[in-house]
Amino acid sequence: IEQSKLETTQMNAILGDPDRLQTMAEDFVKHYENRLAEGATLKGKAMFVCSNREIAFDLYKRIIALRPQWNEIREADESAELSEKDRQELKPIERIKVIATRGQDDPEDMYNLMGTKEYRKELDRQFKNEKSNFKIAIVVDMWLTGFDVPFLDTIYIDKPIQQHNLIQTISRVNRRVEGKNKGLVVDYIGISNQMNLA
């Protein structure tokens, strides 16, 4: 147990290194925007898997610093034509969110961002709506299994995941829908060996 704790602490220190996170945030923004510009993504939905809540929050802040407009609340996807039903179902929301539980000892800004269980249920509904402005979900443990968004076509992985959990995680982008013939897994941590084992 002590060895495991030590290894986890060391891994989090490496994965949470500020220079590494900044480089990854810059790479993610560039890659995501290129996919949008090339029309390589169906609805612009992407999921980013982080190893823990603190790293997810840090990455989120770095991405927002690079693209402050992604933190602006908008009624819907800019290209969406909205029906009256859409206007009732859509909630004005930011493009990027962190999906994780909050902790009592979290810093105030992190605590407020994580929100309540009811708030996360609303995020679930909005992410599953193709016309929603909510396009990028930064996750840790939630939404990796049993969460189906057929038009989600890109997942970025920066978390050590193994066996069944790894298969479940990458399966988020292999759901079939008209106009989508593949999902893209962007590997920031080196999951190929674990993929072969799984």
Between Lys45 and Glu130, is there a salt bridge with N-O shorter than 4.0 Å? no

Which pair of heavy atoms, one from Ile99 and one from Ala137, lies closest together, and at what distance? CG1-CB, 4.1 Å

Tell me whether Phe28 is reachable from Met24 by hopping between hydrophobic residues (I, L, V, M, F, W, Y) whose side-chain heavy atoms are closer than 4.5 Å. yes

For the residue pair Thr101 and Met114, establish whether any side-chain heavy-atom pair is separated by less than 4.5 Å. no

In this structure, would Val186 and Val140 fall into the same cluster of hydrophobic residues linked by side-chain contacts under 4.5 Å? no

Check salt bridge (charged side-chain N to carboxylate O under 4.0 Å, His left out) between Glu26 and all other residues, then give those that pass, not counting sequence neighbours. none

Salt bridge (charged side-chain N to carboxylate O under 4.0 Å, His left out) partners for Asp27, two or more places apart: none

Heavy-atom closest pair (Thr116 atom, Arg102 atom, distance to 0.1 Å) is CG2-NH1, 3.8 Å

Could you tell me which residues satisfy salt bridge (charged side-chain N to carboxylate O under 4.0 Å, His left out) with Lys30, sequence neighbours excluded, listed by chain and number? none

If you count the non-hydrogen atoms of other residues, nucleotides and ligands that lie under 6.0 Å from CG in Asp109, is the total more than 12? yes

Look up atom OG1 in Thr145 and atom CH2 in Trp143, then write down how far apart they are to the nearest 0.5 Å. 13.0 Å

Measure across Ala100 and Met142 and return the closest heavy-atom pair with its distance rounded to 0.1 Å. CA-SD, 4.2 Å

If I compare all heavy atoms of Pro68 with all of Ala65, which pair ends up nearest, and what's the gap? CD-O, 3.8 Å

Using a strict cut-off of less than 4.0 Å between a Lys/Arg side-chain nitrogen and an Asp/Glu carboxylate oxygen, indicate whether Asp58 and Arg62 qualify as a salt bridge. yes

When you measure from the side chain of Asp187 to the backbone of Ile191, do you find a donor-acceptor pair of N or O atoms at a distance under 3.5 Å? yes

Hey, mind stepping through Met47 and Val149 against side chain to side chain contact (heavy atoms under 4.5 Å, CB included) and telling me if it holds? CA-CA 11 Å; Met47 188 179 282; Val149 182; over 6 Å; no

Mind checking whether Tyr156 and Tyr188 have parallel, tilted or perpendicular rings, split at 30° and 60°? parallel

Test: Arg35 and Asp153 ion pair at under 4.0 Å: yes

Would you call Lys159 and Asp141 a salt bridge, taking side-chain N to carboxylate O under 4.0 Å as the test? yes

How long is the span from the OG1 atom in Thr154 to the NZ atom in Lys43, to the nearest 0.5 Å? 14.0 Å

Residues forming a salt bridge (charged side-chain N to carboxylate O under 4.0 Å, His left out) with Asp17, sequence neighbours excluded: none

Glu75 and Arg87 ion-paired at < 4.0 Å: yes

Between Asp86 and Ser83, do the side chains contain a donor N or O and an acceptor N or O under 3.5 Å apart? yes

By the definition side-chain contact (heavy atoms from CB on, under 4.5 Å), identify the one residue from Ile96, Val139, Ile155, Asp158 that meets it with Phe48. Asp158

Hydrophobic cluster of Leu90, others only, ordered by chain and residue number, side-chain cut-off 4.5 Å: Leu82

Which value, rounded to the nearest 0.5 Å, describes the distance between Leu184 atom CG and Leu152 atom CG? 10.5 Å

For Gln69, does the CD atom sit with more than 12 other heavy atoms under 6.0 Å from it, leaving out its own atoms? yes

Please evaluate residues Lys121 and Glu118 with respect to the criterion salt bridge (charged side-chain N to carboxylate O under 4.0 Å, His left out), reporting the C-alpha separation (whole Å), side-chain torsions for both, the decisive distance (0.1 Å), and the verdict. CA-CA 5 Å; Lys121 280 184 184 173; Glu118 290 73 29; 5.6 Å; no

Can you tell me which residue pairs pass the salt bridge (charged side-chain N to carboxylate O under 4.0 Å, His left out) test with a partner in residues 164-181, sequence neighbours excluded? Asp148-Arg172, Asp148-Arg175

Enter the distance from Ile157:CD1 to Leu144:CG here, rounded to the nearest 0.5 Å. 8.5 Å

Quick one: does Met110's side chain get under 4.5 Å of Glu54's, heavy atoms only? yes

Any donor-acceptor pair under 3.5 Å linking the side chain of Arg95 with the backbone of Asn133? no

More than 12 heavy atoms of other groups within 6.0 Å of Glu7 CD: yes

Looking only at heavy atoms, what is the nearest atom pair of Pro150 and Val177, with distance? O-CG1, 3.6 Å

Is there a continuous path of hydrophobic side-chain contacts, each under 4.5 Å between heavy atoms, that joins Leu15 to Ile63? yes

When rounded to the nearest 0.5 angstrom, what distance separates CG in Leu59 from CD1 in Ile64? 10.0 Å

Under 3.5 Å, side chain of Lys135 to main-chain N/O of Ala46, donor-acceptor pair present? no

Heavy-atom side-chain contact between Tyr119 and Lys97 under 4.5 Å: yes

So, do Ser51 and Asn12 sit near enough that their side-chain heavy atoms are less than 4.5 Å apart? yes

What I want to find out is whether Glu72 reaches Arg74 closely enough, with some N-O distance under 4.0 Å, to be called a salt bridge. yes

Please determine whether residues Ile189 and Ile167 belong to a single hydrophobic cluster, defined as Ile, Leu, Val, Met, Phe, Trp and Tyr linked transitively by side-chain heavy-atom distances below 4.5 Å. no

Minimum-distance pair of heavy atoms, taken over all atoms of Lys91 and Gln126: N-OE1, 3.2 Å

d(Cys50 SG, Leu21 CG) to nearest 0.5 Å is 7.5 Å

Can you list the steps and then say if Tyr32 with Trp70 is a ring-ring contact (aromatic ring centres under 6.0 Å, His included)? CA-CA 12 Å; Tyr32 177 79; Trp70 290 1; 5.4 Å; yes

Exercise: do Asn71 and Tyr60 side chains pair donor with acceptor under 3.5 Å: yes

After noting the C-alpha distance and the side-chain angles of Leu6 and Glu2, does the key distance pass the side chain to side chain contact (heavy atoms under 4.5 Å, CB included) rule? CA-CA 6 Å; Leu6 179 62; Glu2 289 307 313; over 6 Å; no

For the pair Asp124 and Arg120, evaluate salt bridge (charged side-chain N to carboxylate O under 4.0 Å, His left out) and give the outcome as yes or no after the intermediate values. CA-CA 6 Å; Asp124 181 310; Arg120 288 191 300 276; over 6 Å; no

Indicate if Ile55 and Leu66 have the same hydrophobic cluster label, given that clusters are the connected sets of ILVMFWY residues with side-chain heavy-atom separations under 4.5 angstrom. yes

